[in-house]
Amino acid sequence: MSSIYMMNLTSVGIFGMVLSAFFCDIRWTRKKVMFMTGSMMAILLLQGIIYFFVDADIVENIYPFITHFPLAIVLFILSRQCLWSIISVLTAYLCCQIRRWMALLIVAVFSGGAMMQDVAELTMTLPILFVLVRFIAPSVRSISHHPTAAQCWFGVVPAVYYGFDYLTRIYTSLLSDGVLAAVEFMPFVCSMAYLIFTVQTSREEQIRRRLEQTQDIINLQIAQAVREVKSLRELQHKTSTFRHDLRHHMQYLSSCMENGKIDQAQAYIQEICSEIEANRVTVYCENETVNLIFSSFAGRAEDYGIPINIKAVISQFLSISETDLCVLLSNALENALHACQKLKDKDLPGTIEVSAYEKSGKLFLQVINSCDDDITFEYGVPVTKNPGHGIGVRSICTIVEKYGGIYTFFVKDGRFFLRVSF
């Protein structure tokens with residue numbers, strides 16, 4: 001047995017053990033490094049004793065029991081993660097095939113023999129180990145914090161390959177004999193792993209999209225709350241200003257009355273009443289939240305010069321939460337205002353009609369606004385490619401689906417219709 005062969009065996013053992021350690025999420029201290037180093041030396045020493053004093057073939061047969069099993073125990077002691085310690089050992093074993101196959105490629109290109117393969121494997125050990133530790137190990141370690149099911153899915157391929165390699169190459173000669181089932185087994189495993197990966201990726205993408213929609217709704221709720229707080233602050237400021245100026249108003253009215261200017265005093269009183277009325281929340285229905293939202297958007301529409309007609313018959317208590325109701329109404333009216341503003345920029349007329357009522361415990365909402373642009377629909381829902389747009393429509397759909405309702409979007413005679421019921 002050549003010294004190159006023995007050095008190669010030692011290097012592959014060190015390669016696998018070091019890589020297994022870096023695949024585990026271990027906070028390395030001096031004590032842990034010394035423990036790991038001592039454990040590796042003990043495992044290598046045990047291998048050497050069996051090689052020289054028993055039989056080299058026995059080492060290959062019992063390798064899992066004198067190397068992989070003790071290594072998994074050592075990693076468990078250091079990381080306190082039982083399952084992931086085993087997966088790390090299996091994954092490192094799989095990665096050992098990289099150096100083997102690269103060496104086989106070199107031998108095939110240069111028509112070398114067993115000696116060249118041992119030299120090639122020995123030469124590439126450190127570079128491959130560096131690449132795996134530097135660029136691959138951090139990603140592998142991160143999976144150790146995933147749920148147990150995700151860790152098991154990750155460890156399936158390494159575990160299957162580990163069993164396949166020992167059953168077909170070490171304990172039997174099925175692979176070298178060319179048994180078709182053995183030859184085709186790993187391609188089958190790769191195909192199944194690819195299909196499972198595709199399904200899992202699609203499922204995670206759907207979950208990610210739902211989380212994004214939820215985040216968008218939360219952002220809209222925050223934005224609406226900020227707008228409401230801003231409106232309340234403006235109202236508070238106006239109230240404080242009016243209270244501060246009340247003494248001056250009274251002095252002016254007193255002066256008018258003392259000088260017999262009754263008509264001038266009445267006109268001044270009417271002007272003050274008009275200012276107060278402008279800041280009052282319009283009562284459209286019994287629901288205070290609905291009144292606040294409709295009043296806010298009606299004021300914005302008036303500021304933009306957009307006619308808006310609101311009719312509402314909604315009770316104080318609804319099955320829908322106030323936050324969801326706020327997001328639903330705000331998005332519907334925000335989209336309508338945005339569409340009419342675009343028409344106004346083109347010197348085209350735009351109007352908004354809102355109807356909301358409650359019947360038999362269900363809420364019905366219809367928002368009709370003028371529109372000009374060609375609107376693209378996908379599966380009955382308007383979509384846009386403009387960044388930052390389309391969130392409101394998705395939020396409306398999400399909220400309606402949450403309560404088991406139905407929604408309808410369509411365009412007719414230059415007007416955009418939104419109908420919701422749940």
Original post:
For Leu337 and Leu333, what are the C-alpha separation, side-chain angles and deciding distance, and is it a side-chain contact (heavy atoms from CB on, under 4.5 Å)?
Top reply: CA-CA 6 Å; Leu337 275 176; Leu333 294 172; 5.6 Å; no

Within the side chain of [X], is there an N or O that forms a donor-acceptor pair under 3.5 Å with the backbone of [Y]?
| X | Y | answer |
| --- | --- | --- |
| Asn335 | Asn331 | yes |
| Ser11 | Asn8 | yes |
| Arg141 | Asp25 | no |
| Ser421 | Phe364 | no |
| Glu121 | Ala103 | no |
| Gln366 | Phe417 | no |
| Asn369 | Ile352 | no |
| Ser142 | Ser139 | yes |
| Gln316 | Glu288 | yes |
| Thr198 | Tyr194 | yes |

Subject >> Under the ring-ring contact (aromatic ring centres under 6.0 Å, His included) test, residues paired with Tyr304 that sit two or more places apart >> reply: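 In terms of ring-ring contact (aromatic ring centres under 6.0 Å, His included), with neighbours along the sequence ignored, Tyr304 is linked to no residue.
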
Original post:
What residues form a ring-ring contact (aromatic ring centres under 6.0 Å, His included) with Phe416, not counting sequence neighbours?
Top reply: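 By the ring-ring contact (aromatic ring centres under 6.0 Å, His included) rule, Phe416 matches no residue at all.
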
Does some side-chain heavy atom of [Y] sit less than 4.5 Å from a side-chain heavy atom of [X]?
| X | Y | value |
| --- | --- | --- |
| Leu75 | Phe23 | no |
| Leu132 | Ile98 | yes |
| Thr125 | Ile14 | no |
| Phe35 | Ile77 | yes |

When you look at [atom1] of [X], are more than 12 heavy atoms from neighbouring residues, nucleotides or ligands closer to it than 6.0 Å?
| X | atom1 | answer |
| --- | --- | --- |
| Met7 | CE | no |
| Glu302 | CD | no |
| Tyr171 | OH | yes |
| Phe69 | CZ | no |
| Arg134 | CZ | no |
| Tyr284 | OH | yes |
| Phe377 | CZ | yes |
| Met40 | CE | yes |

**OP:** Sequence neighbours left out, what pairs pass ring pair (Phe, Tyr, Trp, His ring centres under 6.0 Å) with at least one residue falling in residues 79-104?
**Re:**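 Ring pair (Phe, Tyr, Trp, His ring centres under 6.0 Å) check on residues 79-104 returns His68-Tyr93, Trp84-Phe154, Tyr93-Tyr162, Tyr93-Tyr166.
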
Original post:
Thinking salt bridges, do Arg209 and Glu205 make one under a 4.0 Å N-O criterion?
Top reply: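 A salt bridge links Arg209 with Glu205.
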
Subject >> Inter-residue atom distance Leu44.CG - Thr10.OG1, 0.5 Å rounding >> reply: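 Nearest 0.5 Å value for the CG-OG1 distance: 6.5 Å.
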
Original post:
In Å, rounded to the nearest 0.5 Å, how long is the span from OG of Ser321 to CD1 of Ile399?
Top reply: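 Separation between the atoms: 7.5 Å.
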
Original post:
Is there a donor in the side chain of Thr67 and an acceptor in the side chain of Gln47, or the other way round, less than 3.5 Å apart?
Top reply: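 A pair is found: one side chain offers a donor N or O, the other an acceptor, under 3.5 Å apart.
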
Subject >> Distance-only donor-acceptor check, side chains Ser173 and Asp177, under 3.5 Å >> reply: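 Yes, side-chain donor-acceptor contact under 3.5 Å.
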
Original post:
What pair of heavy atoms forms the shortest contact from Ala182 to Leu175, and how long is it?
Top reply: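 Looks like O-CD1, 4.0 Å.
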
